[in-house]
Amino acid sequence: MQIAEIKSGAVTVAAFEGRLDTATAAAAEAKLLALLEEGGVVADLEGVRYVSSAGLRVLLKAAKQAKTAGKGFSVCGLQPAVREVFEISGFDKIIPAYATRAEALAA
């Protein structure tokens with residue numbers, strides 16, 4: 001799992017590449033939570049082809065921390081298989097999801 005950081009004003013885009021699963025969840029969580037200390041975060045999942053329940057837990061924890069801290073957190077670029085898992089689990093009702101990075105940053 002690779003996570004590139006791209007600053008866009010007060011928001012950081014965390015561009016994920018690879019699988020978000022049990023093997024990568026701890027590192028992804030640490031990175032997202034650290035970025036949320038600095039400000040709002042958009043998790044760009046365009047490069048993620050698979051997300052497990054451990055990966056969903058990471059996104060949920062980040063969303064909860066952002067809400068508690070009064071910061072923004074959203075996801076974008078969900079691939080069809082990842083979007084399906086996101087919707088089936090009900091995460092689309094908890095975490096704002098946008099089709100593109102530009103839409104997420106505009107929100």
Side-chain angles (χ1 to χ4, degrees):
M1 168 68 58
Q2 299 287 331
I3 305 172
E5 297 176 40
I6 301 129
K7 283 287 197 186
S8 181
V11 176
T12 301
V13 175
F16 285 72
E17 190 73 38
R19 295 169 56 98
L20 186 51
D21 57 17
T22 304
T24 60
E29 180 178 318
K31 178 66 118 180
L32 280 177
L33 297 183
L35 290 174
L36 281 166
E37 293 292 324
E38 300 170 15
V41 174
V42 172
D44 186 340
L45 304 179
E46 186 174 352
V48 175
R49 302 288 183 251
Y50 174 81
V51 64
S52 71
S53 59
L56 289 174
R57 185 190 63 74
V58 167
L59 297 174
L60 181 62
K61 188 167 184 177
K64 285 183 176 181
Q65 179 174 319
K67 185 176 182 178
T68 300
K71 297 177 181 174
F73 179 76
S74 62
V75 298
C76 68
L78 301 176
Q79 296 300 315
V82 174
R83 177 169 289 289
E84 183 178 4
V85 170
F86 209 73
E87 291 171 353
I88 288 171
S89 64
F91 274 54
D92 59 329
K93 298 188 180 23
I94 301 169
I95 302 171
Y98 300 93
T100 66
R101 183 184 297 181
E103 288 176 18
L105 290 171

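Residues take their numbers from the sequence shown, with the count starting at 1.
- Clustering ILVMFWY residues whenever any of their side-chain heavy atoms sit less than 4.5 angstrom apart, transitively, puts Tyr98 in a cluster other than the one holding Leu35.
- Between the side chain of Lys67 and the backbone N or O of Phe73 there is no donor-acceptor pair closer than 3.5 Å.
- Hydrophobic clustering keeps Ile6 apart from Leu33 (ILVMFWY residues linked when any side-chain heavy atoms are closer than 4.5 Å, directly or through intermediates).
- Here the side chains of Val85 and Leu78 are not in contact, with every heavy-atom distance at 4.5 Å or above.
- Residues Gln65 and Glu37 are in side-chain contact: their nearest non-hydrogen atoms beyond the backbone lie under 4.5 Å apart.
- For the atom pair NZ of Lys31 and OG1 of Thr12, the computed distance is 9.5 Å after rounding to the nearest 0.5 Å.
- Side chain of Ser74 to backbone of Pro96: no donor-acceptor contact under 3.5 angstrom is found.
- Sparse packing is recorded around CD of Glu84, with 12 or fewer heavy atoms of other residues, nucleotides or ligands lying under 6.0 Å away.
- By the salt bridge (charged side-chain N to carboxylate O under 4.0 Å, His left out) test, Lys7 is found to be paired with Glu38, residues two or more places apart in sequence or in another chain being considered.
- Proximity of Glu46 to Arg101: side-chain heavy atoms (C-beta onward) are nowhere separated by under 4.5 Å.
- Lys61 pairs by the salt bridge (charged side-chain N to carboxylate O under 4.0 Å, His left out) definition with Glu29, not counting sequence neighbours.
- Separating the NZ atom in Lys64 from the CD1 atom in Ile95 is a distance of 10.0 Å, to the nearest 0.5 Å.
- Across all non-hydrogen atoms, the minimal contact from Asp44 to Gly77 is OD1-CA, 4.3 Å.
- Residues Val75 and Phe91 fail the side-chain proximity criterion, which asks for heavy atoms closer than 4.5 Å.
- A donor-acceptor contact shorter than 3.5 Å links the side chain of Thr100 to the backbone of Glu103.
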